[in-house]
Trainee: 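So that we are looking at the same thing, I have put the structure below in C-alpha cells.
This structure is a prediction, so every number in the text was calculated from the model and none was measured.
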Amino acid sequence: MLYKDNELKITNSLTGKKEVFKPILDGFVGLYVCGPTVYSHVHLGNCRTFISFDTIYRYLLHLGYKVRYVRNITDAGHLENDAEEGEDKIAKKARLEQLEPMEIVQRYTLDFHKILGQFNNLPPNIEPTATGHIIEQIEMILDIIDNGFAYEANGSVYFDVEKYNESNNYGELSKRKIEDLISGTRSLDGQEEKKSPLDFALWKDAKPEHIMKWPSPWGLGFPGWHLECSAMSTKYLGEKFDIHGGGMDLKFPHHECEIAQGTAATGEKPVNYWMHANMLTLNGKKMSKSTGNTLLPEELFSGNNEALGRAYHPIVVRFFMMQAHYASVLDFSAEALNAAEKGFNRLMEASKLLKDLQTSESSSIDINGLIAKFYTAMNDDFNTPVLVSHLFEAAKFIQAVKAGKETITTNDLAVLSKEMNAFIFDVMGLTELSEEKEESDSLDIVMDLVLQMRQQARENKDWTTADAIRDKLNEAKITVKDDKDGVTWKAK
RNA sequence: GGUCCUGUGGCCGAGUGGCUAGGCAGUGGUCUGCAAAACCAUCUACAGCAGUUCGAAUCUGCUCGGGACCUCCA
C-alpha cells in the first residue's frame with residue numbers, strides 16, 4: 001500500500017502545526033466534512049470547499065486508505081440568528097415560497113449534487129441528514145445534560161459554555177479566550193433564557209407557528225445547528241475519528257461547539273485532525289450568500305453573467321482551484337480563469353501525447369525522481385499547486401521527447417503514463433473535456449467539401465480564395481487551422 | 001474594538017534563512033504562402049522602515065495596506 005511509503009503531513013487547525021498523519025486504525029480513515037444547508041443554490045465559494053475536500057479524499061484513496069467519507073446535508077435547525085425568535089432557514093424559505101420544507105430541501109439537495117457532479121466530485125460514502133437523525137441528537141443532548149454541561153429552559157436546552165470551560169478549553173480551535181468572547185458579545189434581545197450569551201442551543205422550543213418540529217423530552221422543538229454534525233459524525237465514524245473538515249468560516253462557532261459537544265458527551269475530544277479550507281473571494285471579498293457577493297456555478301458554465309461574459313467548463317474551474325493551496329484565500333477573476341484554462345489545455349495536450357510517444361534505449365531524465373516529486377507535493381499537506389508545477393515539468397519533457405530532444409524508455413513511459421494519469425485524473429479529479437461533437441454528420445460532410453475546395457485553391461496558390469473561405473468560416477464561428485499534418489476545424 | 005491570517009514580478013499563485021516553483025500575459029524564435037494554433041527560449045519579484053545574521057523575500061519589531069472571525073455563511 002502506498003500509504004506505507006508516503007509520510008503524509010496535514011496542517012491541523014487544532015494545533016496550528018503541520019503534523020504527520022496517523023490514522024486511529026492503520027489503513028482506515030474516518031473523514032467528516034460539513035455539508036451545505038440546503039435552503040438555496042450553492043455558490044462557487046461553497047463549491048471550492050467541497051472540491052478541496054474531494055481532492056483530499058481522492059489522494060487518501062490513491063494512497064490506498066480505506067476511507068469512510070461522511071458529509072452531511074443540513075435540512076433543519078440552522079437559524080437565521082441566535083435570538084429567541086430566530087427562524088430556521090429552511091422553514092423560512094418554505095414559508096416564503098409556500099412549499100413544504102422538504103420540497104425546499106429536495107430541490108436544493110438535487111441542485112447541490114448536480115453541481116458537484118459537474119465538478120467531478122466523488123460522492124461521499126454516507127450523506128446523512130439532520131432530520132433523519134433527530135433521535136441521535138436527542139440522545140446526545142441527554143448525555144450532555146447527564147454530564148452536567150447543559151440545562152433546560154422553557155422547553156429549550158442550552159449548552160453551558162462557562163461550565164464546560166471550567167474543565168475544558170472552549171476556544172481551543174479558534175484560538176480565542178473565553179474572557180474575550182464574553183466581553184465581545186453584544187446583548188441580543190430575547191436571550192434571557194441563556195445563562196450566558198456564549199451558550200448555544202442544543203434544542204429549541206418550537207412556537208406553534210413553526211412548521212418544522214419534533215417531539216422530545218422537552219416538548220415539541222427542533223435541534224440546534226451545531227448538534228447534527230456531532231451526532232452524525234459520532235454515529236458513523238465513532239466518538240473519536242481522524243479528520244474533520246469544513247470551510248474556514250465554520251471554525252467559530254460551529255466547529256468550536258462541535259468539539260465542546262463531543263467532549264461534553266463522551267469526555268474525549270472527538271477529532272484528531274481539524275482541517276479548514278479557505279475562502280474563494282470575488283472582488284477581494286469573500287463570496288457570501290448574505291452579502292450577495294456570489295457567483296453561481298450555473299452562471300459560470302453557461303456564460304450568463306456580467307463578470308465574465310463567457311462560459312467556462314466546470315473542469316477548467318476545478319483546475320483553476322487546483323493551482324492554489326486549499327488553505328489559502330483564492331481570488332476569482334476572469335483573467336485568472338483564462339490563464340488557468342490555457343494552462344489546463346496545455347497539460348491535457350501533453351497527457352494525450354503519452355499514448356503514442358516514441359521510446360528509446362534510455363531515458364534522458366530521471367523519471368522516478370520526477371514522479372517522486374508528485375508524491376512529495378501531495379504529501380506536504382495536499383499541495384496541489386506544487387503538484388501542478390511538477391506536472392508541467394513533465395509536460396515540457398513529454399513535448400521534448402516528441403520533438404526528439406529528449407528520450408524515454410518503454411518502461412519509464414509506462415510508469416510515467418500511469419502516474420501522470422493517476423494524479424491528473426484520479427487525484428485532482430480532472431477529466432478530458434469531451435469535444436462536444438454536437439455537429440451533425442451533414443455538417444461534417446459540408447466541411448469536408450469546403451475544406452477540400454480551399455485546399456485546391458491553396459495548391460493553386462489562389463490565396464485570395466483560400467483566405468476568403470477561412471475568414472467567412474471564422475465569421476460563422478468555425479476556426480480553421482493549417483497544421484503540418486493537415487487541416488483541422490473546430491466550431492467555437 | 002478584540003482575535004487571527006495575509007501583502008511575492010503586468011495578472012494568478014507556490015515556496016523559503018544562502019541552491020531564486022509553475023501557469024497566463026509580454027518579448028524573441030521555430031513552423032507557415034499568410035494567419036491561427038502548437039512548440040522552444042526569455043525579461044520583470046518578494047509592501048515600507050529598522051534589527052538579528054557571514055547572508056533575509058524568508059526570522060524579530062514597527063509602519064502602511066488587504067482579508068477572515070467575533071451575528072447566518074463553505
Trainee: Measure CE/A:Met287 against P/B:A68 and give the value in whole Å, please.
Mentor: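 Those two atoms, CE and P, are 13 Å apart.
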
Trainee: Looking only at atom C1', what distance separates B:G17 and B:C46, rounded to whole Å?
Mentor: 14 Å

Trainee: Do the two ring centres, one from A:Phe50 and one from A:Tyr57, sit under 6.0 Å apart?
Mentor: no

Trainee: What integer distance in Å separates A:Glu179:CD from B:G2:P?
Mentor: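 So the CD-P distance, A:Glu179 to B:G2, works out to 16 Å.
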
Trainee: Taking NZ, NE, NH1 and NH2 as the nitrogens, is one of them in A:Asp111 or A:Arg107 under 4.0 Å from a carboxylate oxygen of the other?
Mentor: no

Trainee: Atom CG of A:Asn121 and atom P of B:A74: how far apart are they, to the nearest Å?
Mentor: 15 Å

Trainee: Using the P atom on both, measure B:C59 against B:C5 and round to a whole Å.
Mentor: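 The same atom, P, in both gives a distance of 12 Å.
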
Trainee: Pick base, sugar-phosphate or nothing for A:Met248, based on heavy-atom distances below 4.0 Å to the nucleic acid.
Mentor: nothing

Trainee: With sequence neighbours excluded, tell me which residues meet side chain to side chain donor-acceptor pair (under 3.5 Å) with A:Glu228.
Mentor: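 If we apply the side chain to side chain donor-acceptor pair (under 3.5 Å) test to A:Glu228, skipping adjacent residues, the hits are A:Asn72, A:Thr74.
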
Trainee: Is the A:Tyr108 to A:His41 ring centre distance short of 6.0 Å?
Mentor: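 So the answer is yes for these two rings.
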
Trainee: Would you tabulate the nitrogen or oxygen pairs shorter than 3.5 Å linking the protein to nucleotides 5-10 of chain B?
Mentor:
none

Trainee: Between atom CG in A:Leu280 and atom P in B:A68, what is the gap in whole Å?
Mentor: 12 Å

Trainee: Any donor-acceptor pair under 3.5 Å joining the side chain of A:Asp331 to the base of B:G13?
Mentor: no

Trainee: Taking only side-chain N and O atoms of A:Ser333, does any of them lie within less than 4.0 angstrom of OP1 or OP2 on B:C11?
Mentor: no

Trainee: Do any of residues 378-388 of chain A sit with a heavy atom less than 4.0 Å from RNA chain B, and if so which?
Mentor: A:Asn383, A:Pro385, A:Val386

Trainee: Show the nearest heavy-atom pair for residues A:Glu162 and A:Asp199, with the distance to one decimal.
Mentor: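 Looks like N-OD1, 4.3 Å.
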
Trainee: Could you check which of B:C12, B:A74, B:G67 has an atom nearest any side-chain atom of A:Phe320?
Mentor: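 Given the options B:C12, B:A74, B:G67, the side chain of A:Phe320 is closest to B:C12.
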
Trainee: Go nucleotide by nucleotide along RNA chain B from the 5' end; which of A:Cys34 and A:Thr281 gets its closest nucleotide reached first?
Mentor: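 Result: A:Thr281.
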
Trainee: I'd like the C1' distance from B:G28 over to B:C64, given in whole Å.
Mentor: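 These two C1' atoms come out 40 Å apart once rounded.
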
Trainee: Would you find more than 12 non-hydrogen atoms of other residues, nucleotides or ligands less than 6.0 Å from A:Glu209 atom CD?
Mentor: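 Yes, enclosed.
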
Trainee: Specify whether A:His255 and A:Trp274 have parallel, tilted or perpendicular ring planes, treating 30° as the upper limit for parallel and 60° as the lower limit for perpendicular.
Mentor: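 Tilted: the ring planes of A:His255 and A:Trp274 meet at 30° to 60°.
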
Trainee: Using salt bridge (Lys or Arg N to Asp or Glu O under 4.0 Å) as the criterion, list what pairs up with A:Arg95, not counting sequence neighbours.
Mentor: A:Glu87

Trainee: Touch check for A:Lys461, heavy atoms < 4.0 angstrom, all strands: base, sugar-phosphate only, or nothing?
Mentor: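 No contact at all - A:Lys461 keeps every heavy atom at 4.0 Å or more from the nucleic acid.
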
Trainee: Less than 4.0 angstrom between a side-chain N/O of A:Lys251 and OP1 or OP2 of B:C4, yes or no?
Mentor: no

Trainee: Under 4.0 Å, counting only non-hydrogen atoms across every strand here, what does A:Ser328 touch: a base, just sugar-phosphate, or nothing?
Mentor: sugar-phosphate

Trainee: So A:Ala324, base contact, sugar-phosphate only, or nothing? Heavy-atom distance under 4.0 Å.
Mentor: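 Here A:Ala324 touches the backbone only, sparing every base.
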
Trainee: Salt bridge (Lys or Arg N to Asp or Glu O under 4.0 Å) with A:Glu349: which residues, sequence neighbours excluded?
Mentor: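 Partners of A:Glu349 by the salt bridge (Lys or Arg N to Asp or Glu O under 4.0 Å) criterion, ordered by chain and then number, come out as A:Lys352.
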
Trainee: Starting at atom CG of A:Asp471, determine the distance to atom P of B:C34, rounded to an integer number of angstrom.
Mentor: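 Checked: the CG to P distance equals 16 Å.
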
Trainee: Hey, would you say the A:Phe320 and A:Phe344 ring centroids sit under 6.0 Å apart?
Mentor: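 So the answer is no for these two rings.
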
Trainee: If you check the A:Lys285 side chain, which of B:A74, B:G67, B:A14 turns out closest?
Mentor: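 Among B:A74, B:G67, B:A14, the one nearest the side chain of A:Lys285 is B:G67.
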
Trainee: For A:Asp462, which residues count as a side chain to side chain donor-acceptor pair (under 3.5 Å) partner, sequence neighbours excluded?
Mentor: A:Thr465

Trainee: Does the distance from a Lys or Arg side-chain N to an Asp or Glu carboxylate O, for A:Glu393 and A:Lys373, drop under 4.0 Å?
Mentor: yes

Trainee: Measure from the ring centre of A:Trp463 to the centre of the six-membered ring in the base of B:G33, then say whether that distance is under 5.5 Å and the planes meet at under 30°.
Mentor: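 Per 5.5 Å and 30° rule: yes, stacked.
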
Trainee: In terms of side-chain geometry, is the basic nitrogen of A:Glu193 or A:Lys204 positioned less than 4.0 Å from the acidic oxygen of its partner?
Mentor: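 Salt bridge flag = no for A:Lys204 with A:Glu193.
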
Trainee: Can you find a heavy atom in the side chain of A:His254 that is under 4.5 Å from one in the side chain of A:Cys229?
Mentor: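 Yes, close enough: below the 4.5 Å cut-off.
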
Trainee: Can you find a pair of side-chain heavy atoms, one from A:Leu44 and one from A:Pro297, that are under 4.5 Å apart?
Mentor: yes

Trainee: With rounding to the closest Å, how many angstrom separate the P atoms on B:G7 and B:U58?
Mentor: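 Their P atoms lie roughly 11 Å apart.
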
Trainee: How does RNA chain B look in dot-bracket form if you count Watson-Crick and G-U pairs under 3.5 Å, write [ ] for pairs that cross, and put | where a base pairs with another strand?
Mentor: (((((((..(((.....[...))).(((((.......)))))....(((((..]....))))))))))))....

Trainee: Ring centres of A:Phe53 and A:Tyr69 under 6.0 Å apart?
Mentor: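 No, the ring of A:Phe53 stays outside the 6.0 Å limit from the ring of A:Tyr69, centre to centre.
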
Trainee: Rounded to whole angstrom, note down the P distance from B:U27 over to B:A47.
Mentor: 28 Å

Trainee: Apply salt bridge (Lys or Arg N to Asp or Glu O under 4.0 Å) to A:Lys251 and list each qualifying residue two or more places apart in sequence or on a separate chain.
Mentor: none

Trainee: Go through the structure and list residues passing salt bridge (Lys or Arg N to Asp or Glu O under 4.0 Å) with A:Lys285, not counting sequence neighbours.
Mentor: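 For A:Lys285 there are no salt bridge (Lys or Arg N to Asp or Glu O under 4.0 Å) partners, ignoring immediate neighbours.
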
Trainee: Suppose we screen for ring pair (Phe, Tyr, Trp, His ring centres under 6.0 Å). Which residues come up paired with A:Tyr273, at least two apart in sequence or across chains?
Mentor: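 With neighbours one apart ignored, the set is A:Phe21.
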
Trainee: If we take the P atom in both B:C24 and B:C62, what is their distance in whole Å?
Mentor: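 One P to the other, the span is 41 Å.
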
Trainee: Please measure how far the P atom in B:A38 lies from the corresponding atom in B:U16, and state the result in whole Å.
Mentor: 33 Å

Trainee: A:Ile178 has an atom CD1; how far is it from atom C1' of B:U3, in whole Å?
Mentor: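 Interatomic distance, CD1 of A:Ile178 to C1' of B:U3: 15 Å.
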
Trainee: Mind calculating the distance between CZ (A:Phe332) and P (B:C11) to the nearest angstrom?
Mentor: 18 Å

Trainee: What does the list of N/O pairs under 3.5 Å between the protein and nucleotides 36-38 of chain B look like, with a distance for each?
Mentor:
| from | atom 1 | to | atom 2 | distance (Å) |
| --- | --- | --- | --- | --- |
| B:A36 | N1 | A:Asp482 | O | 3.3 |

Trainee: Base, sugar-phosphate alone, or nothing: which one does A:His390 contact when heavy atoms must sit under 4.0 Å apart?
Mentor: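 The residue A:His390 makes no contact with any strand.
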
Trainee: Is A:Gly284 touching bases, backbone alone, or none of the nucleic acid, heavy atoms closer than 4.0 Å?
Mentor: sugar-phosphate

Trainee: Which of the following nucleotides, B:A74, B:G23, B:C70, is nearest to the side chain of A:Phe252?
Mentor: B:C70

Trainee: Check whether A:Arg454 reaches the backbone of A:Ala466 with its side chain - one donor and one acceptor, N or O, closer than 3.5 Å.
Mentor: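 Yes, A:Arg454 side chain to A:Ala466 backbone: donor-acceptor pair under 3.5 Å.
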
Trainee: Quickly work out the A:Arg71 CZ to B:A74 P distance and round it to whole Å.
Mentor: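 Taking atom P of B:A74 as the reference, CZ of A:Arg71 is at 12 Å.
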
Trainee: Show me the protein contacts with nucleotides 41-45 of chain B, counting only N or O atoms at under 3.5 Å.
Mentor:
none

Trainee: Considering only the P atoms, how many Å lie between B:U42 and B:U6, rounded to the nearest integer?
Mentor: 33 Å

Trainee: Choosing from B:A74, B:G33, B:C69, which nucleotide comes nearest the side chain of A:Ala466?
Mentor: B:G33

Trainee: Between A:Gly35 and A:Arg458, which is nearer to the 5' end of RNA chain B once each is assigned its nearest nucleotide?
Mentor: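 The answer here is A:Arg458.
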
Trainee: Using a cut-off of strictly less than 4.0 Å, decide whether A:Lys342 has a side-chain nitrogen or oxygen near OP1 or OP2 of B:G23.
Mentor: no

